[in-house]
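Below you'll find the structure, written out as structure tokens, and then a few comments.
All of these numbers come straight from a predicted model, not from anything done at the bench.
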Amino acid sequence: MRLDGIPLWDGTEPRGPVELTWEPDRIIGLRPAERRHDDLCVIPGLVDTHVHLIGDAGDGRSDFSTWPLVTTREEQVLHGAAHAQRALRHGVTTLRDMAGDEAQVALARAFDAGLLSGPRIRVHGMVGMTAGHGDLFVPPAHPLRKPTADGPDECRKLVRTWARAGLHGIKITTSGGVLSIGDRHAWRNHTRAEIGAIVDEAHALGMLVAAHAHSEDGIRVAVEEGVDSIEHGTLMSADLAETLAGRRTPVAPTLLISRVIAEGRVPVPPDAMEKAAELVAERDRLFAEAARLGVRFVLGTDANGFHVRFGDQCAEVVYMAEVLGLDAQAALRAATSDAADAIGVPVGRIAPGLGADFVVLRGRPWERIEDLSVANIVAVVSRGHLAAGDLP
């Protein structure tokens, strides 16, 4: 299979018009060619490092808090498949689910096996405490609760349970959150002993650890205990930014979701809007300084179908460039090669031997990031197969 004469950005830099050849699922060759399609370009498929596949993929009228409690698991999986496929049609060829279990693993395996067309999926299982951020999405009296772990030994056991189930990584929470009921972002989640046990056990089993952290204290303890990425990272002080930059620890800033909740663009409880507004008031200034200090920001939307849709990833990248002060190429790297490296998947670049995931679109997004738009997508290729649109 071959594309000829289209300008290409390879995940790091522009290469000019090329002849691109591939097979399922591998890029074979990349060499200069005569220019034939000056209005088009090729870029790697986007990599979203923070999503939640299980959510209502329907008409958007359901309630975020109650939908998971009144929808059977079997039906939830179908909604997860719909979300993944929508993301793929909109140029996102790899997703990392950040509160997964056996359901998301099943989706990943079905897509890998070609049973359904879908993106690559990595799955992180939550290891959270009783009354922690992850536990507070379910009302206290409801009997169907996700597993929690209290004390270092329980934490180690839940890490091992997720490893046995085939998950790829672990998510912890080191601060409270926004959408969890009655939660506050400043609340501590887990003790140092528990966090250290989780990180140690996960790393021993070859699993990455991502830490949800909004507060400065939450970010600090996560960094000091050796997590592999920071999710949100909202109240990042300058000294923490310098530490994260020095360690090259990826940070998924999840910008759009906080803004739409803070501004009331989506239906949320008043306390969630208040919490988000409090965070956003400081976030943009802190993040711009963190980017200037060299923090490695990567694409992470927190898309769940309720507050941020699958398909909004292009808009998130454009917003990252605006808030963080990134030039177009830096923003694109954050959504492709840097994001792929952050989650350990051999994609995010167009180079011989790597996975055949790429997007054909109109414009030059490495020169003008606004060209990275769903409206400009001409075709999406995933695992070497045409997943959406038509190839020129």
Considering only NZ, NE, NH1 and NH2 on the basic side and carboxylate oxygens on the acidic side, decide whether K157 and E201 come within less than 4.0 Å.
no
Rounded to the nearest 0.5 angstrom, the CG-CG distance for L255 and D302 is 11.0 Å
Considering all heavy atoms, the nearest G11-R333 contact
O-CG, 3.4 Å
When hydrophobic residues are tied together by side-chain contacts of less than 4.5 Å, even through go-betweens, does L158 share a cluster with I195?
yes
Any non-hydrogen side-chain atom of L332 less than 4.5 Å from a side-chain atom of L372?
yes
Short N-O contact, D38 and R362, less than 4.0 angstrom:
no
Test item: V381 and L3 side chains (from C-beta on) under 4.5 Å apart, heavy atoms
no
Checking the side chain of D150 only, and the main-chain atoms of T130 only, is there a donor and an acceptor separated by less than 3.5 Å?
yes
May I have the step-by-step check of side-chain hydrogen bond (donor to acceptor under 3.5 Å, both in side chains) for H203 and D200, ending in yes or no?
CA-CA 5 Å; H203 286 172; D200 176 69; over 6 Å; no
Is R364 reaching over with its side chain to a backbone N or O of L40, donor-acceptor style, under 3.5 angstrom?
yes
Shortest non-hydrogen contact from M129 toward H190
SD-N, 3.2 Å
Stepwise, does the side chain to side chain contact (heavy atoms under 4.5 Å, CB included) test hold for M236 with V251?
CA-CA 10 Å; M236 185 190 309; V251 177; 4.0 Å; yes
Answer whether the closest heavy-atom distance between the side chains of L46 and C314 falls below 4.5 Å.
yes
Using a strict threshold of under 4.0 Å (side-chain N to carboxylate O), is an ion pair present between D112 and R383?
yes
As an exercise, state the distance from CG of D97 to CG of L107, rounded to the nearest 0.5 Å.
9.0 Å
M98 and A210 have their tightest heavy-atom pair at CE-CB, 3.2 Å
T21 and E19: side-chain donor and acceptor closer than 3.5 Å?
no
Hydrophobic clustering (ILVMFWY, side-chain heavy atoms < 4.5 Å, transitive) - are I369 and L299 grouped together?
yes
Quick one about H232 and T254 (side-chain donor to acceptor, distance below 3.5 Å, no hydrogens or angles considered), yes or no?
yes
So, do P44 and F358 sit near enough that their side-chain heavy atoms are less than 4.5 Å apart?
no
Using a 4.5 Å cut-off on heavy atoms from C-beta on, say whether the side chain of R122 contacts that of L95.
no
Any chance you could measure E274, atom CD, to L279, atom CG, to the nearest 0.5 Å?
11.0 Å
Would you call R15 and D10 a salt bridge, taking side-chain N to carboxylate O under 4.0 Å as the test?
yes
Taking NZ, NE, NH1 and NH2 as the nitrogens, is one of them in E23 or R2 under 4.0 Å from a carboxylate oxygen of the other?
no
If the threshold is 4.0 Å, N to carboxylate O, is there a salt bridge linking D135 and K146?
no
I'd like to know if K275 and E278 make a salt bridge, using a cut-off of under 4.0 Å between side-chain N and carboxylate O.
no
Does the side-chain hydrogen bond (donor to acceptor under 3.5 Å, both in side chains) test come out yes or no for T174 and N189, once each step is laid out?
CA-CA 5 Å; T174 57; N189 277 223; over 6 Å; no
Please check this pair: side chain of T148 against backbone of G128, looking for a donor-acceptor N/O pair closer than 3.5 Å.
no
Check: C41 and L361 side chains under 4.5 Å, non-hydrogen atoms:
yes
Using the rule that two of Ile, Leu, Val, Met, Phe, Trp, Tyr join whenever any of their side-chain heavy atoms come within less than 4.5 Å, decide whether M126 and V209 are in one cluster.
no
Can you tell me if E370 uses its side chain to pair, donor with acceptor, with the backbone of V318 under 3.5 Å?
no
Side-chain donor-acceptor pair under 3.5 Å between Q329 and W9, yes or no?
yes
Quick one: does P14's side chain get under 4.5 Å of P7's, heavy atoms only?
no
Any Lys/Arg nitrogen of R73 or D101 sitting under 4.0 Å from an Asp/Glu carboxylate oxygen of the other?
yes
N/O donor-acceptor pair under 3.5 Å between R247 side chain and V223 backbone
yes
Would you give the length of the straight line joining atom CD1 of I219 to atom OG of S237, rounded to the nearest 0.5 angstrom?
7.0 Å
By salt bridge (charged side-chain N to carboxylate O under 4.0 Å, His left out), which residues pair with D239, not counting sequence neighbours?
R220
Is the closest side-chain heavy-atom distance between V347 and V47 below 4.5 Å?
yes
R145 side-chain N/O to P139 backbone N/O, donor-acceptor pair under 3.5 Å:
yes
Fit a plane to each ring of F64 and H307, take the angle between them on a 0 to 90° scale, and name the class: parallel (under 30°), tilted (30 to 60°) or perpendicular (over 60°).
perpendicular
Please check if any side-chain donor atom of H50 sits under 3.5 Å from a side-chain acceptor atom of E231, or the reverse.
yes
Given the rule that I, L, V, M, F, W and Y join up when any side-chain heavy atoms are under 4.5 Å apart, are V280 and V178 in one cluster?
no
Taking D4 first and then R35, would you say they form a salt bridge - that is, a charged N and a carboxylate O separated by under 4.0 Å?
no
Okay, side chain of E367, backbone of P365: is any donor-acceptor separation there less than 3.5 Å?
no
Might you work through the side chain to side chain contact (heavy atoms under 4.5 Å, CB included) test for V159 and L205, ending with a clear yes or no?
CA-CA 9 Å; V159 170; L205 295 171; 4.2 Å; yes
Taking atom types as modelled, find out whether H212 and T173 have a side-chain donor-acceptor pair closer than 3.5 angstrom.
no
Over all atoms of both residues, closest heavy-atom pair of I170 and A202:
CG1-CB, 4.0 Å
Co-membership, hydrophobic cluster, residues V105 and V51, 4.5 Å side-chain:
yes
Test your reading of the model: is there a side-chain donor-acceptor pair from R265 to the backbone of V260, 3.5 Å cut-off?
no
Around atom CD of E34, are there more than 12 heavy atoms of other residues, nucleotides or ligands at under 6.0 Å?
no
Quick one: does E194's side chain have a donor or acceptor within less than 3.5 Å of a partner on G151's backbone?
yes
Does the Lys NZ or Arg CZ of R120 fall within the cation-pi geometry relative to F111 - under 6.0 Å from the ring centre and within 45° of the axis?
no
Evaluate the side-chain hydrogen bond (donor to acceptor under 3.5 Å, both in side chains) criterion for residues H168 and H124: first the C-alpha distance (whole Å), next the side-chain angles of each, then the deciding distance (0.1 Å), finally the verdict.
CA-CA 6 Å; H168 307 102; H124 278 229; over 6 Å; no
Minimum heavy-atom distance S258-A276, with the two atoms named:
O-CB, 3.8 Å
Looking at CZ of F310 and CG of D48, how far apart are the two atoms once the value is rounded to the nearest 0.5 Å?
7.5 Å
Between atom CG of L78 and atom NE2 of H83, what is the distance when rounded to the nearest 0.5 Å?
12.0 Å
Between L136 and W187 the two heavy atoms that sit nearest each other are CD1-CZ3, 4.2 Å
Can you tell me if D63 uses its side chain to pair, donor with acceptor, with the backbone of T66 under 3.5 Å?
yes
Charged N-O contact under 4.0 Å between D153 and R156:
no
Check this for me: does any side-chain nitrogen of one of D341 and R248 sit under 4.0 Å from a carboxylate oxygen of the other?
no
